[in-house]
Asker: 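Below is a structure I'd like to ask you about.
Both ligands and their constituent atoms are indexed starting at 1 by order of listing.
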Amino acid sequence: MATMTSELLRPVHAAQALDEAALLRYAAAHVPGFPGPAPSLALTQFGHGQSNPTYCIQASAPGGEARRYVLRKKPAGAILQSAHAVEREFQVLKALGAYTDVPVPKVFCLCTDASVIGTPFYIMEYLEGALYLNNKLTGITPDKRRNIYLAAAKTLAAIHKIDATAVGLQKYGKRDNYCKRQVDRWGKQYLHSTGEGKPARYQKMLDLIDWLKENIPEEDSSTGLGTGLVHGDYRVDNLVFHPTEDRVIGVLDWELSTLGNQMCDVAYSCMPYIIDATLSENSSYGGFEHSGIPDGIPQLEEYLAVYCSMSARPWPAANWKFYIAFSLFRGASIYAGVYHRWTMGNASGGERARFAGKAANVMVDCAWHYINRENVLRAHPATGMHVLKAPRQGFHVEQEDSTLTNGQGKFVPSEKVMQLRQKIIKFMKDHIYPKEDELYKHAQSTSRWTIHPEEENLKALAKEEGLWNLFIPLDSAARARKLLLEDQSHVSAGSSNDLLLGAGLTNLEYGYLCEIMGRSVWAPQIFNCGAPDTGNMEVLLRYGTKEQQKQWLVPLLEGKIRSGFAMTEPQVASSDATNIECAISRQGDFYVINGRKWWTSGAMDPRCKILILMGKTDFSAPRHKQQSMILVDINTPGVQIKRPLLVFGFDDAPHGHAEITFDNVRVPVTNILLGEGRGFEIAQGRLGPGRLHHCMRLIGAAERGMNMMVERALSRTAFGKKIAQHGSFQSDLAKCRIELEQTRLLVLEAADQLDRHGNKKARGILAMAKVAAPNMALKVLDMAIQVHGAAGVSSDTVLSHLWATARTLRLADGPDEVHLGTIAKLELQRARM
Ligand SMILES: Cc1cc2nc3c(=O)[nH]c(=O)nc-3n(C[C@H](O)[C@H](O)[C@H](O)COP(=O)(O)OP(=O)(O)OC[C@H]3O[C@@H](n4cnc5c(N)ncnc54)[C@H](O)[C@@H]3O)c2cc1C
């Protein structure tokens, strides 16, 4: 039977009463959104999991709705320095909540000032859900039992896949020699709890300590795969499940968490299979392997197979005996301590603690029984129980990122970048992928040229989380900061300058983030990092006058308006911009524009207010001095949007690609950018980073294609086996991965050279990246489409749209041939030098 969280609440134990007035003052000042003013408070206490006293705060303002929070504090009185570390619990919960999708309660504040309620404490979210306090899961259906255990295995895998460095937990503990240190620590603890004048020492326990010391697996001394965040007390009854669905909504009790050997967590979570550790008079092994497995609960091997599959860990057969024996030893040492305290009259577990001494010895016997068993785990998981069994979902972030952060190297992002990356990954998972269907539906409806309200909501959320304008390079941000600091009058109330100017990243640093945004066609604009706005903002940042910046740049940075870039013309080969015919002629204080443009992306968007137009101001000047760029308010008389163009049938609503005519369009002379004849100069500045952003996004699109391809191949059977098991698929998959990684390196190298040498010197490698990225993405996406069969070409998956978009990028911002020409020219020049 499940127990609901609220059913665990009891009146506060008299010995654990708190100063409620002080608590109320503190919570009102430190918990965002705490009910107020003058809220009333009802305090209760959790009866389960008592090591750190845990309370439920129910607060309500007069006439307002009651809100619940959970407070967890250190116990009062003298305690072991290293134990009850609520500060560490707070730290780990905060990191997991902010950067990962491991379900944990949100934490609000940590109070280290013992004068408030007597000891340090923290306040977190109250999760109302189902708890399964009995590991046999009595009173629920077999299906539910199975779901609960498998959900526990998957959640543990999710915890273990976290890249501790990327989430800021790199100093949370030592990764290596975890078992070695634990055997020492709990061995000493056992000696402390037993011996002369204390409960008797059990020789078999001392032998067990020796055996463990001699059999510590080699992998324990490494810091590689299999080491990382360890929960330390991972069991089903420390998980809160959704009230009606069989999924974990919160992992609790992180008191023993640290970095270390994660297989210890796995073995510990398997204890119900090995021993029944409830304290009673008749302690016996009693685990599922002895008493029989309750109907529905998966076999130990299946539980492990799901864990290994979801965490991408090897099958643990080689050292399984050690890890189980280690868990039993640790349990025995803890129980010996409980029993010792009971004999002294101060055990926390009440009268049941009298059985703890016997239970400790039973655990030791059980460990020896296990060690002496011939077979404990097959050498390999049974057929059909390996990785293919467990469906993969979404993106396995930490696994992907482990190559980015493990160790040193040229392309190792800083901690700041890794944290932003994790935040974006999480944002995508939480907010963007789940909304894609709805956004697509809207974009295919009759309202498709309007903005789905959710898009603006998501923008506000991204801004709030500091995931805004990240594309702005360091140097441009410095220039804009000056402008914004000089005069704040044009910045809307509530917009923070710091937010508007991104995070001060280099192009290389942005590469690691932009890639993630490229996984969804909807994502870039949510972070105000979509084309063509980024290129246009960059032009205004670099070349705009103060007035131009105030009028157009600031609202663009704020995400209030959008923009278009009008260069390409239907009647001339526009890959050669010297062909452009649109005329910009000066007449007094105005320029008059006449011409026809097409493929002006974004111009259909109702938020699009400004175009940067490229045309000719002097048809008789030298070839590259004829062109100028000018700002055109899209609502100027004479600007006429003729039609939206289709890309393989996609109109990309509400953004769109417009054909536009300019008929005697008069704009003030102050709208010229940089000066007459300087259009090419600006184009060079604009296109470098802009092109690279396309490449970065294409890496993300290809990565999504890979992910979908693998998921499909693992779940679909053709001709008697999974597609993933067909040799032809495996070779295609491997080739796709090789090309993707090659291209990623090229793109990152191009970004690095752009940062270090500037646009002109980096033009060769920028051209290489611009050719390589779309071609690679097309290949990977095409393969993903192929694996999906007919579904791949339909609009039921995102693949066809991603492919269509990638295909346009062999043309847009210069066709392949033009870039290949640049690369060849540089190559030949080098040969002549
Ligand atoms: C989805 C999409 C969005 C776009 N968005 C914008 C936008 O926002 N603003 C904008 O101004 N434009 C935009 N464009 C237009 C794009 O930049 C142009 O299509 C591109 O520059 C090529 O110009 P063109 O179409 O006139 O092709 P052309 O110049 O006519 O070239 C056609 C072909 O000729 C060949 N060719 C050209 N040059 C060479 C060479 N040197 N050597 C060998 N072969 C060569 C290539 O095969 C090339 O594909 C967009 C295009 C697409 C598809």
Side-chain angles (χ1 to χ4, degrees), residues 518 521 524-525 530-539 562-582 584 593 595-605 608 610-616 623 627-632 634 639 641-662 673 679-680 682-684 686-688 690-691 693-695 697-698 701 763 767 770-771 774-775 777-778 800-826 828:
V521 294
Q525 63 263 30
D533 295 321
T534 51
N536 291 342
M537 286 190 258
E538 184 67 2
V539 166
R562 299 207 61 188
S563 61
F565 182 68
M567 184 189 76
T568 304
E569 298 176 2
Q571 72 284 6
V572 293
S574 302
S575 49
D576 174 2
T578 62
N579 287 339
I580 276 163
E581 292 175 346
C582 179
I584 307 173
I593 304 166
R596 176 186 290 267
K597 298 285 180 185
W598 74 344
W599 294 104
T600 303
S601 299
M604 306 293 301
D605 190 312
C608 180
I610 185 75
L611 301 175
I612 295 182
L613 175 136
M614 185 158 172
K616 284 189 176 169
R623 259 180 94 215
Q627 300 78 7
S628 304
M629 284 198 196
I630 194 160
L631 292 163
V632 182
I634 203 164
V639 177
I641 296 196
K642 291 291 187 189
R643 59 171 175 149
L645 294 150
L646 303 185
V647 176
F648 299 112
F650 292 100
D651 58 15
D652 290 337
H655 185 63
H657 311 281
E659 179 172 341
I660 311 177
T661 54
F662 297 82
L673 281 160
F680 259 94
I682 300 172
Q684 291 317 314
R686 179 188 191 279
L687 290 179
R691 275 181 189 145
H693 297 170
H694 282 311
C695 300
R697 286 189 286 265
L698 284 162
R763 69 189 183 285
K770 176 61 177 60
V771 176
N775 283 290
L778 283 170
S800 54
H801 197 189
L802 288 174
W803 185 91
T805 305
R807 182 62 186 86
T808 67
L809 288 163
R810 287 194 55 210
L811 295 165
D813 274 358
D816 284 1
E817 292 84 347
V818 173
H819 298 300
L820 290 170
T822 305
I823 300 164
K825 198 165 127 193
L826 289 169
L828 293 169

Asker: Specify the protein heavy atom at minimum distance from atom 12 (N) of ligand 1: its residue, its atom name, and the distance to 0.1 Å.
Answerer: Thr568 OG1, 2.6 Å
Asker: Tell me the nearest of Ser563, Ser575, Ser601 to atom 5 (N) of ligand 1, using heavy-atom distances.
Answerer: Ser601
Asker: Could you see which bit of Glu569 sits under 4.0 Å from ligand 1, with heavy atoms only: side chain, backbone, both or neither?
Answerer: neither
Asker: Hey, what's the ring geometry for Trp599 with His657, parallel, tilted or perpendicular (30° and 60° as the breaks)?
Answerer: tilted
Asker: Are there protein heavy-atom neighbours of atom 34 (O) of ligand 1 below 4.0 Å?
Answerer: no
Asker: What's the shortest distance from atom 6 (C) of ligand 1 to any protein heavy atom, and which residue and atom give it?
Answerer: Trp599 O, 2.6 Å
Asker: Name the option, out of Asn536, Leu820, Thr822, Asp813, that contains the heavy atom nearest to atom 17 (O) of ligand 1.
Answerer: Asp813
Asker: Would atom 14 (N) of ligand 1 count as contacted, meaning some protein heavy atom under 4.0 Å?
Answerer: yes
Asker: For atom 46 (C) of ligand 1, what's the nearest protein heavy atom and its distance?
Answerer: Glu817 OE1, 3.3 Å
Asker: Measure the shortest side-chain to side-chain distance between Leu826 and Arg763 over non-hydrogen atoms and say whether it is less than 4.5 angstrom.
Answerer: yes
Asker: Please state which protein non-hydrogen atom is closest to atom 24 (P) of ligand 1 and give its distance, to 0.1 Å?
Answerer: Ser574 N, 4.0 Å
Asker: Please report whether ligand 1 has a polar contact with Met567, defined as an N or O pair separated by less than 3.5 Å (distance criterion only).
Answerer: yes
Asker: Which atom pair, heavy atoms only, marks the closest approach of Ile634 to Ala603?
Answerer: CD1-O, 3.9 Å
Asker: Looking at Met567, is its backbone amide N or carbonyl O close enough to the side chain of Lys597 to form a donor-acceptor pair, meaning the two atoms are under 3.5 Å apart?
Answerer: yes
Asker: Grab the two heavy atoms, one from Pro815 and one from Ser575, that are nearest each other, plus how far apart they are.
Answerer: CD-CB, 3.3 Å
Asker: Between Glu569 and Glu581 (side chain of the first, backbone of the second, donor and acceptor by atom type, cut-off under 3.5 Å), is there such a pair?
Answerer: yes
Asker: Quiz question for you: does at least one protein heavy atom lie closer than 4.0 Å to atom 48 (C) of ligand 1?
Answerer: yes
Asker: If you count the atoms of ligand 1 from 1 in the order shown, which ones are under 4.0 Å from a heavy atom of Pro815?
Answerer: 48 (C), 49 (O)
Asker: Which pair of non-hydrogen atoms, one from Ile580 and one from Met614, has the smallest distance, and what is that distance?
Answerer: CG2-O, 3.9 Å
Asker: If I compare all heavy atoms of Leu611 with all of Phe662, which pair ends up nearest, and what's the gap?
Answerer: CD1-CZ, 3.9 Å
Asker: In the structure I gave you, are the side-chain heavy atoms of Phe648 and Ser800 within less than 4.5 Å of one another anywhere?
Answerer: no
Asker: Tell me which protein heavy atom sits closest to atom 9 (N) of ligand 1, plus the residue, atom name and distance to 0.1 Å.
Answerer: Phe565 O, 2.7 Å
Asker: Classify the contact between Val572 and ligand 1 as side chain, backbone, both or neither, using a heavy-atom distance cut-off of under 4.0 Å.
Answerer: backbone
Asker: What protein heavy atom lies closest to atom 41 (N) of ligand 1? Include the residue and the distance to one decimal.
Answerer: Val818 CG2, 4.0 Å
Asker: Pull out every atom of ligand 1 sitting under 4.0 Å from any heavy atom of Leu811, numbered as shown with elements.
Answerer: 20 (C), 21 (O), 49 (O)
Asker: Taking all atoms of both residues into account, what is the closest heavy-atom pair of Ala531 and His694, and its distance?
Answerer: CB-CE1, 4.0 Å
Asker: Which atoms of ligand 1 are found less than 4.0 Å from any heavy atom of Thr808?
Answerer: 1 (C), 53 (C)
